[in-house]
Number of protein chains: 2
Amino acid sequence: MSLKHGILGLLAKGSMTGYEINSDFNTSLNFMWNAQQSQVYRELNALEEKGLITSTTIQQEGRPNKKIYSILNSGLQELIEWINQYEFEESLKIRDAFVMRIFFSEHSDGSNLPFALHAYIEHHEALLNKLIDIEAKYIHQVEQQSDMLYWLISIRKGKFTFQANLNWARETLDLLDQYKGKEDVNHE
Amino acid sequence: MSLKHGILGLLAKGSMTGYEINSDFNTSLNFMWNAQQSQVYRELNALEEKGLITSTTIQQEGRPNKKIYSILNSGLQELIEWINQYEFEESLKIRDAFVMRIFFSEHSDGSNLPFALHAYIEHHEALLNKLIDIEAKYIHQVEQQSDMLYWLISIRKGKFTFQANLNWARETLDLLDQYKGKEDVNHE
DNA sequence: TGGGTCATGTAACCTGTTACATGATTAG
DNA sequence: CTAATCATGTAACAGGTTACATGACCCA
């Protein structure tokens, strides 16, 4: 329902190609939205058909021509209306298969879980560090540029989330250790 | 991809109806998975056709007959294999439209945002308190029942997540206040 | 008498995933 | 020499959402 508005939002910041939109969702915006490449191209077609965006083609040699998409007034209108709704219930549609696997782990021997948690921790450390670096690099601009405040708020959401995930994963390793200790004692 | 395994997991804990499965996803399991009612019934049919679960119908008066589903050995096998993979990348497919609205809020006057944040905070406080109560009520059983450890780990994930969301939302209100203050000064 | 719970299901549509297809350029 | 990057797109399928349909029972 909102890939549409994600694309409109990106194009409202500046014209760009489908390739670049896709890259953004999978790198700098990965803590708020993600999308499949094929989905981005499909959605761009739909938005152009509805008259919310336009494209101009740039000839290239040795690779496919670039299609640079720009937002139209109707698209900006649609974007603004969507933003102003500020619904949050939608953000609670949690689907976390990793936690669900753990929840049902009484049916497993659980021997793979610690390895998975270590990988989870490493991965989240990397994600968190990336955001910490980005925040440090641009934080001084927040005082001058008003749009940077919203940027700051967003990346801090990513930081809070990744930090919470890290804290949980570390605690979980401890809990598993403690519990393993107790079980061993019981079996003696 | 994993509603299937969510249903198998629930049925592995005990036989139940589609109605009850749906209720679980939308109440006690809401911090790890959610599903649409129509989706649950569709998936139950698919699982029965594949021979992973069976059902027995119980006659009722005044309301539709109950279909009680039970897991079969093949279903339990499938569940166990799925659990043991412990993949976590899937849990990183974040789609948070509320944060995305904020990220693009330079195109809005942002006047609705504080109200939305207050609602967000109230909502998450309620969710968090529910988990705190549940944890307090059952925490003493963890030492006796081994499956309760996985339950504990899971609900603590929910707590960490909701707490992080709350902290972020409160900080965001502060940031908006501070920033609003500065803008007013600049306009004097 | 109106809303919530119990209880099933279908249909149409929208969104997301996986895999395929092509091919030059550039950096290590 | 190999992998990544740039750059487009399509097809088939899987999964998710919204709305409709039915109807008794219970509680305030």
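Below, chains carry the letters A, B, ... as their sequence lines are ordered, and counting in each starts from 1. Everything numeric in this text was worked out from a predicted model, so none of it was measured.
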Axis-to-axis angle across the helix from dT1(C)-dA28(D) to dG28(C)-dC1(D), five pairs each end, nearest 10 degrees, ~ 60°
Students often mix this up, so state it plainly: with edges at 30° and 60°, are the rings of H5(B) and W82(B) parallel, tilted or perpendicular? parallel
Return the orientation label for the F88(B) and H123(A) ring planes: parallel under 30°, perpendicular over 60°, tilted otherwise. perpendicular
Provide, to the nearest angstrom, the distance between the [atom1] atom belonging to [X] and the [atom2] atom belonging to [N].
X: Q37(A); N: dT5(D); atom1: CD; atom2: P; result: 14 Å
X: N26(A); N: dC6(D); atom1: CG; atom2: P; result: 13 Å
X: N45(A); N: dA7(D); atom1: CG; atom2: C1'; result: 14 Å
X: Q60(A); N: dT5(D); atom1: CD; atom2: C1'; result: 13 Å

Determine, stepwise, if the pair T161(A) / D96(B) fulfils side-chain contact (heavy atoms from CB on, under 4.5 Å). CA-CA 11 Å; T161(A) 301; D96(B) 189 334; over 6 Å; no
Item to complete: Would you kindly check if the NZ (Lys) or CZ (Arg) of K13(A) is within the cone defined by 45 degrees around the ring axis of F103(B) and under 6.0 Å from the six-membered ring centre?
Response: yes
Assess K67(A) against Y41(A): is NZ or CZ under 6.0 Å from the centre of the six-membered ring, and within 45 degrees of the ring's axis? no
ask   = For D133(A), does the CG atom have more than 12 heavy-atom neighbours from other residues, nucleotides or ligands under 6.0 Å away?
value = yes
Please check: side-chain N/O of [X] versus main-chain N/O of [Y], any donor-acceptor pairing under 3.5 Å?
X: Q141(B); Y: M148(B); value: no
X: N65(A); Y: Q60(A); value: yes
X: N34(A); Y: N30(A); value: no
X: N112(B); Y: N84(A); value: yes
X: W168(A); Y: I153(B); value: yes

Nucleotide by nucleotide, nucleotides 11-17 of chain D touches protein heavy atoms under 4.0 Å in the pattern (B base, S sugar-phosphate only, - none) B---SBB
dist I121(A):CD1 -> H118(A):NE2 (nearest 0.5 Å) comes out at 6.0 Å
Are a donor atom and an acceptor atom from the side chains of Q163(B) and N167(B) found within less than 3.5 Å of each other? yes
Nt span of DNA chain C in reach of chain A heavy atoms at under 4.0 Å, 5' end first, is dT15(C) to dT25(C)
Residues of residues 7-15 of chain A with a heavy atom under 4.0 Å from any atom of DNA chain C, listed by number, are none
In numerical order, the residues of residues 50-57 of chain B whose heavy atoms come under 4.0 Å of DNA chain D are none
Applied to residues 43-66 of chain A, the ring-ring contact (aromatic ring centres under 6.0 Å, His included) test, sequence neighbours excluded, yields none
For G75(B) and L8(B), the nearest pair of non-hydrogen atoms, with its separation, is O-CD1, 3.8 Å
